Participant: 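Structure provided below as structure tokens; questions to follow.
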Amino acid sequence: MPQLRDTSVTGLSDWVNPPRYGAFVVVANPTLLLMDSGSQIRLYNTLSNGVEDLKLVEAGRLAFYSCGPTVYSYAHIGNFRSFLTADLIFRLGQTLGLDVTYVTNVTDVGHLTADDTADADGEDRMAKALQSKEGERFSNVWDLARYYTGALLRDWQALNLLEPSVRPRATEHMREQIEAVEKLLAKGHAYETSQGIYFSVASFPKYGKLSGNVDAESLDQEVREVVSDPEKRDPRDFALWKKDAKHLMQWYSPWGWGFPGWHIECSVMATRYLGETLDLHAGGEDLTFPHHECEIAQAEALSGKPFARHWVHTRFLQVEGEKMSKSLGNFLTVRELTASKDENGWGVDPLALRMALMSGHYRKPFNFTKATLKASVKHRERIVTAIEILKSATGEGEDRIGRRLEALYDRVLAALREDLNTPEALAAVIEGLKLIHGMARHLNAGSGQSGLDWLEKINGLLGIVHATEVVAEPDAEADLQAERIDALLVERTEARVSRDFARADEIRDELTAMDIDIMDSPTGSTWKRKSSIG
Ligand code: AMP
Ligand code: ZN
């Protein structure tokens, strides 16, 4: 379990242990000291529209949340470019010695198809996916969510993204979401209609501070066309809870059966794991409005404190100059690009794909082309051959490359610290590779070792040299379910032996409802899941 920020004694530990970074100023009030603690990282802040120091609420600790995907399909390389920005910040923070708590969620309920323009309308993306051609192979929506979450994690690891400190799922935090909605109602920031609970935007004057969307009239106009609840007081109001007793995923709440709005999960899970004020919140550029604007409204209306002091947004990736979409046939996934070679010439090393995704600055529009990928494949091959050269270097003598590589490492670190300048960081790495290749015949064992050490440090920052070993954690939830299934099977066998067939049939029905197939044989009964997709 990661060490989470202790929000009960704000700042006390920092007072006892002075900050590791930034100037130490003796002041009577610990909070004043905390407000000034730096991270050694400068990042563009969407809130202020400028590059500024990433300040930390608690010295030496970075509390960071990044919006994860909705698991209704495979994540595409655009999604992964946003996750890569978060990964690079995580790596940079750790390299600088910060204690980083990095939380990134899985949205497995509540994200509607029209949420990006008008809140609380359209169909649930998960339910819609189940009814699509792709969804036919799943027996229910939970199975679909489980499958695509698994697929996400496999692609995540293939791209060498580090495991976050916490990866919470919306469906596992339902109680907290319901409690937050109750509190917003009690505080007068929300109201109930026959269709759901809405956040009252008029009750939160700072609405619009992130996206600049403050012009209520044009906003009303844009949303009015698609909003269908006539009881909504203001078209800008957004759903905290949708009443829907027919929905495929539903929970019981003080307002009957239903499911949460999309925005509430992120502000609830972020504050649950990181405290009321985060240092940094990230996501793709499309999330600035409405998702992040709504997260701010909910969280700040609840706590009365700033929700996140720094906001980072990754510009969208396009493919060969066009927006990625399934209908255009240019929807690229990690698994497709890294699978064995096909007629398109895909089938690349995942770390080459990672290099391609970081070859453009996160804040600039990024055009992913075959040429970009080809260039990255070449650079990646140079890394592999450099390792071979360095490993085979023998003989005594003075280190002939160490100092120059060290200077190049400093360049990489400085580039990343200055608004995550990945093109400049990669340029420095490529220069280092050129040096190693150019000196190949003159390297001794000492030089070989310093070259390998350099690559290891580069890997810590950029993750492009070798994959981090992943230790699979046992899936506690699956284990629990398996135990229950085993127990039911034993009970069923006993019922049959004592000729209580009614009970035996009841248990079979219960297992069928859990999507379990029972196989009876003369030696006993076994089971398997109905829709185990490999
Ligand atoms: P979603 O699954 O739609 O919630 O998206 C997950 C994350 O990927 C969010 O942070 C989005 O902003 C981001 N994202 C979606 N499409 C792209 C894209 N084409 N380029 C970069 N990021 C994207
Ligand atoms: Zn989010």
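Side-chain atoms are counted along with the backbone in the values below, which use heavy atoms only and exclude waters and symmetry mates. Here the structure is a predicted model, which is why all the values come from computation and not from measurement. Counting starts at 1 for both ligands and their atoms, following the listed order.
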Participant: Heavy-atom count check: over 12 atoms from other residues, nucleotides or ligands less than 6.0 Å from K187 NZ?
Facilitator: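 Counting neighbours around NZ of K187, more than 12 heavy atoms of other residues, nucleotides or ligands fall under 6.0 Å, so yes.
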Participant: Nearest protein heavy atom to atom 4 (O) of ligand 1, by residue and atom, and its distance?
Facilitator: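 Residue, atom and distance for the closest contact: T70 OG1, 3.5 Å.
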Participant: Could you check whether R167 makes a cation-pi contact with W156, meaning its NZ or CZ is under 6.0 Å from the centre of the six-membered ring and within 45° of the ring axis?
Facilitator: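 Yes, cation above the ring, under 6.0 Å and within 45°.
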Participant: Indicate whether any N or O donor in one side chain lies under 3.5 Å from an N or O acceptor in the other, for E293 and T288.
Facilitator: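 Checked: E293/T288 side chains show no N/O donor-acceptor pair below 3.5 Å.
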Participant: Given L332, V319, V106, N79, which one has a non-hydrogen atom that is nearest to atom 14 (N) of ligand 1?
Facilitator: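 Nearest heavy atom to atom 14 (N) of ligand 1 lies in N79.
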Participant: Hey, can you tell me if F80 and F83 have their rings parallel, tilted or perpendicular (30° and 60° cut-offs)?
Facilitator: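 The arrangement is perpendicular - the two ring planes meet at more than 60°.
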Participant: Passes side-chain hydrogen bond (donor to acceptor under 3.5 Å, both in side chains), Q298 versus S267? Steps please.
Facilitator: CA-CA 7 Å; Q298 296 161 160; S267 55; 2.7 Å; yes
Participant: Would you mind running through ligand 1 and noting each atom that sits below 4.0 Å from a heavy atom of D286?
Facilitator: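 Under 4.0 Å from D286, ligand 1 has these atoms: 11 (C), 12 (O).
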Participant: How far is atom 9 (C) of ligand 1 from its nearest protein heavy atom, and which residue and atom name does that atom have?
Facilitator: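 Here the closest protein heavy atom is L287 CD1, 3.6 Å.
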Participant: Specify whether Y102 and F90 have parallel, tilted or perpendicular ring planes, treating 30° as the upper limit for parallel and 60° as the lower limit for perpendicular.
Facilitator: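 If you compare the ring of Y102 with that of F90, the planes turn out tilted.
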Participant: Specify whether F289 and Y207 have parallel, tilted or perpendicular ring planes, treating 30° as the upper limit for parallel and 60° as the lower limit for perpendicular.
Facilitator: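 If you compare the ring of F289 with that of Y207, the planes turn out perpendicular.
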Participant: Using the six-membered ring wherever Trp is involved, compare the ring planes of W251 and W142 and label them parallel, tilted or perpendicular (cut-offs 30° and 60°).
Facilitator: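 It falls in the perpendicular class, over 60°.
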Participant: Would you say W262 has any N or O atom under 3.5 Å from an N or O of ligand 1, going by distance alone?
Facilitator: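 Such a contact does not occur with ligand 1.
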Participant: Would you say S82 has any N or O atom under 3.5 Å from an N or O of ligand 1, going by distance alone?
Facilitator: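 S82 vs ligand 1: N/O contact under 3.5 Å present.
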Participant: Under 4.0 Å, heavy-atom basis, I'd like to know which part of Q318 is in contact with ligand 1: side chain, backbone, both or neither.
Facilitator: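 Q318 to ligand 1: no contact under 4.0 Å from either part.
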Participant: Rounded to the nearest 0.5 Å, how far apart are CG of L357 and CD1 of I464?
Facilitator: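 Interatomic distance, L357 CG to I464 CD1, rounded to 0.5 Å: 12.5 Å.
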Participant: Distance only, no hydrogens: is a donor on one side chain within 3.5 Å (strictly under) of an acceptor on the other, for N105 and Y65?
Facilitator: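 Y65 and N105 do have a side-chain donor-acceptor pair below 3.5 Å.
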Participant: Is there a polar contact, in the sense of an N or O pair closer than 3.5 Å, between G283 and ligand 1?
Facilitator: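 No; the residue has no nitrogen or oxygen that sits under 3.5 Å from a nitrogen or oxygen of the ligand.
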Participant: In ligand 1, which numbered atoms sit nearer than 4.0 Å to a non-hydrogen atom of P69?
Facilitator: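 Heavy-atom distances to P69 below 4.0 Å select 2 (O), 6 (C).
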Participant: Can you find an N or O of G78 that's nearer than 3.5 Å to an N or O of ligand 1?
Facilitator: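 So ligand 1 has an N or O lying under 3.5 Å from an N or O of G78.
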Participant: Any idea how many protein N, O or S atoms are nearer than 2.8 Å to the Zn ion (ligand 2)?
Facilitator: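 Total protein N/O/S atoms under 2.8 Å from the Zn ion (ligand 2): 3.
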Participant: Could you tell me whether H310 and H281 have their ring centroids closer than 6.0 angstrom?
Facilitator: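 Not under 6.0 Å, so no.
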Participant: Could you state the interatomic distance from CZ (F307) to NZ (K206), rounded to the nearest 0.5 Å?
Facilitator: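 Here the rounded value is 13.5 Å.
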Participant: Answer with yes or no whether G68 contacts ligand 1, where contact means a heavy atom under 4.0 Å from a ligand atom.
Facilitator: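 Yes, G68 has heavy atoms under 4.0 Å from ligand 1.
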Participant: Starting from atom 10 (O) of ligand 1, what is the nearest protein heavy atom, named by residue and atom, and what distance separates them?
Facilitator: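 For this ligand atom, the closest protein heavy atom is G284 N, 2.9 Å.
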Participant: Could you tell me the residue and atom name of the protein heavy atom closest to atom 19 (N) of ligand 1, and the distance to it rounded to 0.1 Å?
Facilitator: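 Answer, as residue, atom name and distance: L317 O, 3.3 Å.
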Participant: Report the part of F83 (side chain from C-beta onward, or backbone N, CA, C, O) that has a heavy atom under 4.0 Å from ligand 1; answer both or neither where that applies.
Facilitator: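 Answer for F83: side chain.
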Participant: Say you draw a straight line from NZ of K378 to CD1 of I430; how long is it, rounded to the nearest 0.5 Å?
Facilitator: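 Result: 12.0 Å between the selected atoms.
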